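Reading through the structure tokens given below for one structure.
Predicted model only: the values in this text are computed from it and were never measured. When a residue number appears, it is its place in the shown sequence, counting from 1. Basis for what follows: all heavy atoms, side chains included, without hydrogens, waters or symmetry-related copies.
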Amino acid sequence: NTFGTGCYINSFGTNCYGNTFGTNCSSNTFGTNCSSNTFGTGCSYNTFGTGCSYNSFGTRCYYNSFGTECSSNTFGTGCYDNTFGTQCSLNIFGADCYDNTFGIGCSFNTFGTRCSYNSFGADCYDNTFGTGCSYNSFGTNCNSNTFGTNCNSNTFPNSSYKNELKDVH
């Protein structure tokens with residue numbers, strides 16, 4: 001199915017997959033296991049249930065909420081203020097994705113340049129950050145995260161180890 005520009009306030013059930021949503025599709029609710037959908041630029045304020053994976057989001061998609069185990073999603077540049085439940089892993093974020101909140105066990109995510117002010121719960125490990133990713137905060141046991149150059153003022157509790165910073169100022 002293809003939904004045009006500005007589709008909003010719709011409710012999609014479980015197992016909805018393979019749909020294409022135009023730009024500015026907002027305030028929609030997606031049930032569990034809604035996967036392999038494509039969302040255009042500016043798709044915001046949407047709610048996704050558990051297991052919504054393999055979705056692709058355009059640029060400037062913000063204030064979306066994802067349930068648990070929402071993994072392998074791709075986000076364009078400037079996707080911010082999104083909330084992810086527990087075990088949301090293997091997601092890819094473009095540049096300037098900031099102020100996102102991740103639950104417990106969100107690991108193996110990849111972030112582009114200037115992805116700052118993100119917050120991670122406990123047990124978030126093996127995440128990779130590009131250049132200039134600063135002011136991110138991590139919960140307990142967040143280990144083996146890798147940061148590019150000019151990544152400053154990231155916060156780890158004492159229980160974290162093996163986090164790699166390319167340069168330290």
Name all residues meeting the side-chain contact (heavy atoms from CB on, under 4.5 Å) criterion together with [X]; count only those two or more places apart in sequence or in a different chain, and write none if there are none.
X     : result
Ser26 : Ser44
Thr41 : Thr23, Thr59, Arg60
Phe3  : Asn1, Cys7, Phe12, Asn19, Phe21

Which word best sums up how the rings of [X] and [Y] line up, parallel for under 30°, tilted for 30 to 60°, or perpendicular for over 60°?
X     : Y     : result
Tyr45 : Tyr62 : perpendicular
Phe48 : Phe66 : parallel
Phe93 : Phe75 : parallel

Using every non-hydrogen atom in the two residues, find where [X] and [Y] come nearest and quote the distance to one decimal.
X      : Y      : value
Ser71  : Ser53  : O-CB, 2.8 Å
Ile104 : Cys124 : C-SG, 4.4 Å
Gly132 : Ser116 : O-OG, 3.5 Å
Phe156 : Cys142 : CD2-O, 4.0 Å

* To do: Please collect all salt bridge (Lys or Arg N to Asp or Glu O under 4.0 Å) contacts where either partner lies in residues 41-52, sequence neighbours excluded, each pair once.
  =>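 Qualifying pairs, neighbours excluded: none.
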* To do: Give, for atom OH of Tyr117 and atom OG of Ser153, the distance between the pair rounded to the nearest 0.5 Å.
  =>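 One gets 8.0 Å once the value is rounded to the nearest 0.5 Å.
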* Asked: Measuring from Ile9:CD1 to Thr29:OG1, what's the distance to the nearest 0.5 Å?
  ->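 Those atoms lie 9.5 Å apart.
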The criterion is side-chain hydrogen bond (donor to acceptor under 3.5 Å, both in side chains); which residues satisfy it with [X], sequence neighbours excluded?
X      : value
Tyr135 : none
Asn15  : none
Asp126 : none
Asp96  : Arg114

Are the side chain of [X] and the backbone of [Y] linked by a donor-acceptor contact shorter than 3.5 Å?
X      : Y      : value
Asn100 : Asn82  : yes
Asn163 : Asn145 : yes
Asn28  : Asn10  : yes
Asn118 : Asn136 : no
Ser89  : Ser107 : yes
Asn109 : Cys88  : yes

* **Any residue meeting ring pair (Phe, Tyr, Trp, His ring centres under 6.0 Å) with Tyr125, in chain and number order, not counting sequence neighbours** =>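 Residues passing ring pair (Phe, Tyr, Trp, His ring centres under 6.0 Å) with Tyr125: Phe108.
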* **Qualifying disulfide (SG to SG under 2.5 Å) pairs with a residue from residues 26-80, counting only residues at least two apart or across chains** =>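 Pairs touching residues 26-80 that pass the test: Cys16-Cys34.
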* To do: Please answer: with hydrophobic residues joined when any side-chain heavy atoms are less than 4.5 Å apart, are Phe102 and Tyr63 in the same cluster?
  =>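 Unlinked, Phe102 and Tyr63 end up in two clusters.
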